[in-house]
Structures are given as C-alpha cells and as structure tokens.
Amino acid sequence: MGRDTIADIITSIRNADMDRKRVVRIASTNITENIVKILLREGFIENARKHRENSKSFLVLTLRHRRNRQKPYRKRNVFNLKRISRPGLRIYSNYQRIPRILGGMGIVILSTSRGIMTDREARLERIGGEILCYIW
C-alpha cells in the first residue's frame, strides 16, 4: 500500500501551525513542490527552500506568522487545510462546479491535465480536474 504524500504534507503543515512552529520539513516530490509553489504564491507560507540530506530531498517551509501567536490556541487562528480527494475515493469536478471556499476567500487546489493549479486558474482556463484540497 502506497503512502498519500499530499495528506502527509497537509497534516505536517496543520500540526506545525497548531503547535505554533515556524518551520516545517516535508518530503520533496513533484506534487508537493507544485503545491508549495501555490501556497507561496497565494501567501499562505513565507518561504520554501530545498534541502538535501544524505540521498533524500526535503522542502523546508517557513510558515506565515499569525498575529495572535502569544494567546492560547483557538480554532479560528489555525491555518485550515482539508484533503478532499484521496486514494480510496477520488473526487473530480468540471470547471463550472468547482466549489468556492468562503465565497472566494479560500482556495481549491486541483490536479488538471495542465498541471496542479488553483480554482481561479482552472476557471479562467475552463478546465476541470481532481480536487486535491481546500485551504482557507
């Protein structure tokens, strides 16, 4: 049984944000690099750099600093990521039925025939695909 690398990186980022850690280290694959590029472009993370240790490659992410970091943990300050399509149940959508997260405030990451992209880009190019995750 294979590993779900997308779920692994989503869980790592979510756990680091809840624990108020600033730096996260995740495994580097083509899919994770594309998702990290989207997160950088959309402003959810500050920085990403590739790090090689022995024969393995890692991405070291610097999470965006939140305003209320000193206060106790509250659910609404958490960086929200949700995995939608998974290996046991793939979820596909055409460009007209791609959901809008918080009325357009969040993003949907899709895997399309033209690569991994956000919901806005997919609507502009009028292509659908597999819905990987929601971020808000």
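Bear in mind that the values here come from a model prediction, so they are computed numbers and not experimental data. Residues: numbered from 1 along the sequence shown.
A distance of 11.5 Å separates OG1 of Thr11 from CD1 of Ile6, quoted to the nearest 0.5 Å. Residue Leu40 holds its CG atom at 9.0 Å from CZ of Arg64, rounded to the nearest 0.5 Å. Leu61 contributes atom CG, which lies 8.5 Å from atom CG of Asn47 (distance to the nearest 0.5 angstrom). Atom CG of Asn80 is separated from atom OH of Tyr134 by 13.5 Å, given to the nearest 0.5 angstrom. Once rounded to the nearest 0.5 Å, the distance linking CD1 of Ile109 with CD1 of Ile10 reads 7.5 Å. How far CD1 of Ile35 is from OG1 of Thr5: 7.5 Å, rounded to the nearest 0.5 Å.
Of all heavy-atom pairs spanning Gly128 and Thr112, the tightest one is O-CG2, 3.5 Å. Here the shortest heavy-atom pairing between Thr118 and Glu121 reads N-OE1, 3.1 Å. Between Ala48 and Val36, the closest heavy-atom pair is CB-CG1, 3.6 Å.
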message: Using the rule given for side-chain contact (heavy atoms from CB on, under 4.5 Å), can you reason through Asp17 versus Leu81, listing the C-alpha separation, both sets of side-chain angles and the distance that settles it, and then say yes or no?
response: CA-CA 11 Å; Asp17 189 56; Leu81 297 112; over 6 Å; no

field: Verdict with supporting geometry, Ile101 and Ile107, side-chain contact (heavy atoms from CB on, under 4.5 Å)
entry: CA-CA 6 Å; Ile101 306 302; Ile107 63 170; over 6 Å; no

field: Pair Asn15-Met18, side-chain contact (heavy atoms from CB on, under 4.5 Å): steps then yes or no
entry: CA-CA 5 Å; Asn15 288 343; Met18 284 188 345; 4.2 Å; yes

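Through direct or relayed side-chain contacts under 4.5 Å between Ile, Leu, Val, Met, Phe, Trp and Tyr, Tyr92 connects to no other residue. Other cluster members for Ile127: Met117, joined by side-chain heavy-atom distances under 4.5 Å among Ile, Leu, Val, Met, Phe, Trp and Tyr. The hydrophobic cluster containing Val23 also includes Val60, under a criterion of side-chain heavy atoms closer than 4.5 Å among ILVMFWY residues, counted directly or through chains of members.
Every residue was checked against the side chain to side chain donor-acceptor pair (under 3.5 Å) condition with Ser93, not counting sequence neighbours, and none meets it. Not a single salt bridge (Lys or Arg N to Asp or Glu O under 4.0 Å) links Arg86 to another residue, sequence neighbours left out. In this view, Arg100 and Arg123 satisfy the side-chain contact (heavy atoms from CB on, under 4.5 Å) rule, not counting sequence neighbours. Here Thr29 pairs with Thr32 under the side chain to side chain donor-acceptor pair (under 3.5 Å) rule; sequence neighbours left out. Scored by the side-chain contact (heavy atoms from CB on, under 4.5 Å) test, Arg52 finds Ser57 as partners (sequence neighbours excluded). Among residues two or more places apart in sequence or in another chain, the side-chain contact (heavy atoms from CB on, under 4.5 Å) test is passed with Asn34 by Lys37, Ile116. Every residue two or more places apart in sequence or in another chain that forms a side-chain contact (heavy atoms from CB on, under 4.5 Å) with Asp8 is listed here: Arg3.
Residue pairs meeting the salt bridge (charged side-chain N to carboxylate O under 4.0 Å, His left out) criterion with at least one partner in residues 124-134, sequence neighbours excluded, are Arg90-Glu130, Arg114-Glu125. Pairs engaging residues 23-34 under the salt bridge (charged side-chain N to carboxylate O under 4.0 Å, His left out) rule: Arg25-Glu53, Glu33-Lys50 [sequence neighbours left out].
With hydrogens and angles disregarded, a donor-acceptor distance shorter than 3.5 Å links the side chain of Arg83 to the backbone of Ser85.
Linking ILVMFWY side-chain heavy atoms closer than 4.5 Å, directly or via other members, places Ile31 and Ile9 in a single hydrophobic cluster. Note on Phe58 and Ile26: separate hydrophobic clusters, where clusters join Ile, Leu, Val, Met, Phe, Trp and Tyr whose side-chain heavy atoms are under 4.5 Å apart, directly or indirectly. The hydrophobic clustering, which links ILVMFWY residues whose side-chain heavy atoms are closer than 4.5 Å, places Leu110 and Trp136 together.
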